[in-house]
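Written out below as structure tokens is the structure these notes cover.
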Amino acid sequence: MSTGPIHRGVARVLSNQALPGSCYHLRLFAPEVAQRARPGSFIHLTCHPSLTLPRPFSIFNAQPNRGEISILYKVVGQGTTFMANWQVGNEVVYLGPIGKTFSIPDSVQRVILIAGGIGVAPLEFLASTWMGQGREIFLFWGVEGEAPFELGLSDHILPGFEAPFALEPIRWQELNIPARLASVTRKEGYYLGYVTDLARQFIQALPTIDRRTTAIYACGPTPMLAATARLAKQFHLGGELSLEERMGCGIGGCAGCVVPIWPDIKNKQEWNYQRVCVDGPVFAIDQMAWEDDPLLHNKGKTQ
């Protein structure tokens, strides 16, 4: 699903809360975006007049009745460093909402969310939008460094997990969505290893009949997404990926954010490049042709 025409406007900062792990929760008054934002859509923000290019950010949440959207971001460069200094009332130029969004077929009864770092943002939007519709939703989140959200002891028992002590974000407990955290460094209450291995352990414990109505939705770094695609292929699961790429224009004009895609997933004869900004950022999980593109092949081999 597409969000429709891209709107250019000026948003007003409502709050810009510092979180652990060099992350921030930004709330913007942007009624045009809030009305049309859907899980998976993103917004292009002009971080500072001195920077030529805007920066893309997944929409973390939208409240149309209040004209408000929120962004979860991490300070990693010059643009986000400027953003960390934004104050209440500052005005921000934006383009959005942009992109193809998530969709969940009626046949899917079990949704597995796999997030890497702040890739959790569009997945929380997805979960909060689709919860309460008779589906089971589970979150597996890879977090290196300090988690941006407050954690609490999980009281959810998941297939494939016998350890009595596990942590999960309290905000997900309030949504009654079971979650598990993973890290490649040892942390108490975390799974030790890649988040895709954590998800594999859960999927392996599911009865075969339950896998038939299970799908994976993921967002995070490219190596994690490539590993997620291999995981889905191993268990014959469908789903979608929200890709993270550097962008120039954000509206499909510069072709600076292309990725290799199988246009016909039933007859994989020839792949081509498609733009993450407007052809994505959400793609079907079996559309990705990372293994066949020599430029990206090595990026997806680290998990």
Show which side-chain atoms of residues 247-257 pair as donor or acceptor with protein atoms under 3.5 Å away, not counting sequence neighbours.
none

Q: Only counting residues at least two apart or in another chain, list the ones meeting ring-ring contact (aromatic ring centres under 6.0 Å, His included) with His48.
A: Phe82
Q) For Tyr217, what residues pass the ring-ring contact (aromatic ring centres under 6.0 Å, His included) criterion, not counting sequence neighbours? A) Phe102
Q. Donor-acceptor pair, Gln173 side chain versus Leu153 backbone, under 3.5 Å?
A. yes
Q) Should we count CD of Gln204 as having more than 12 external heavy atoms under 6.0 Å? A) yes
Q: Please report the closest heavy-atom contact between Gly40 and Val282, naming both atoms and the distance.
A: CA-CG2, 4.2 Å
Q) Do the side chains of Asp106 and Arg135 get nearer than 4.5 Å, heavy atoms only? A) yes
(Q) Tell me whether Arg12 is salt-bridged to Glu91, with the criterion being a basic N under 4.0 Å from an acidic carboxylate O. (A) no
Output side-chain donor-acceptor pairs under 3.5 Å for residues 182-191, partner residues at least two apart or in another chain, one line each.
| from | atom 1 | to | atom 2 | distance (Å) |
| --- | --- | --- | --- | --- |
| Ser183 | OG | Glu144 | OE1 | 2.8 |
| Ser183 | OG | Thr185 | N | 3.2 |
| Ser183 | OG | Thr185 | O | 3.2 |
| Ser183 | OG | Thr185 | OG1 | 3.1 |
| Lys187 | NZ | Val143 | O | 3.1 |
| Lys187 | NZ | Gly145 | O | 2.4 |

Q. Do we see a donor-acceptor contact under 3.5 Å between the side chains of Thr80 and Arg55?
A. no
Q | side chain to side chain donor-acceptor pair (under 3.5 Å) involving Gln234 - partner list, sequence neighbours excluded | A | Arg200
Q) Of all residues at least two apart in sequence or in a different chain, which pass the side chain to side chain donor-acceptor pair (under 3.5 Å) check with Thr81? A) none
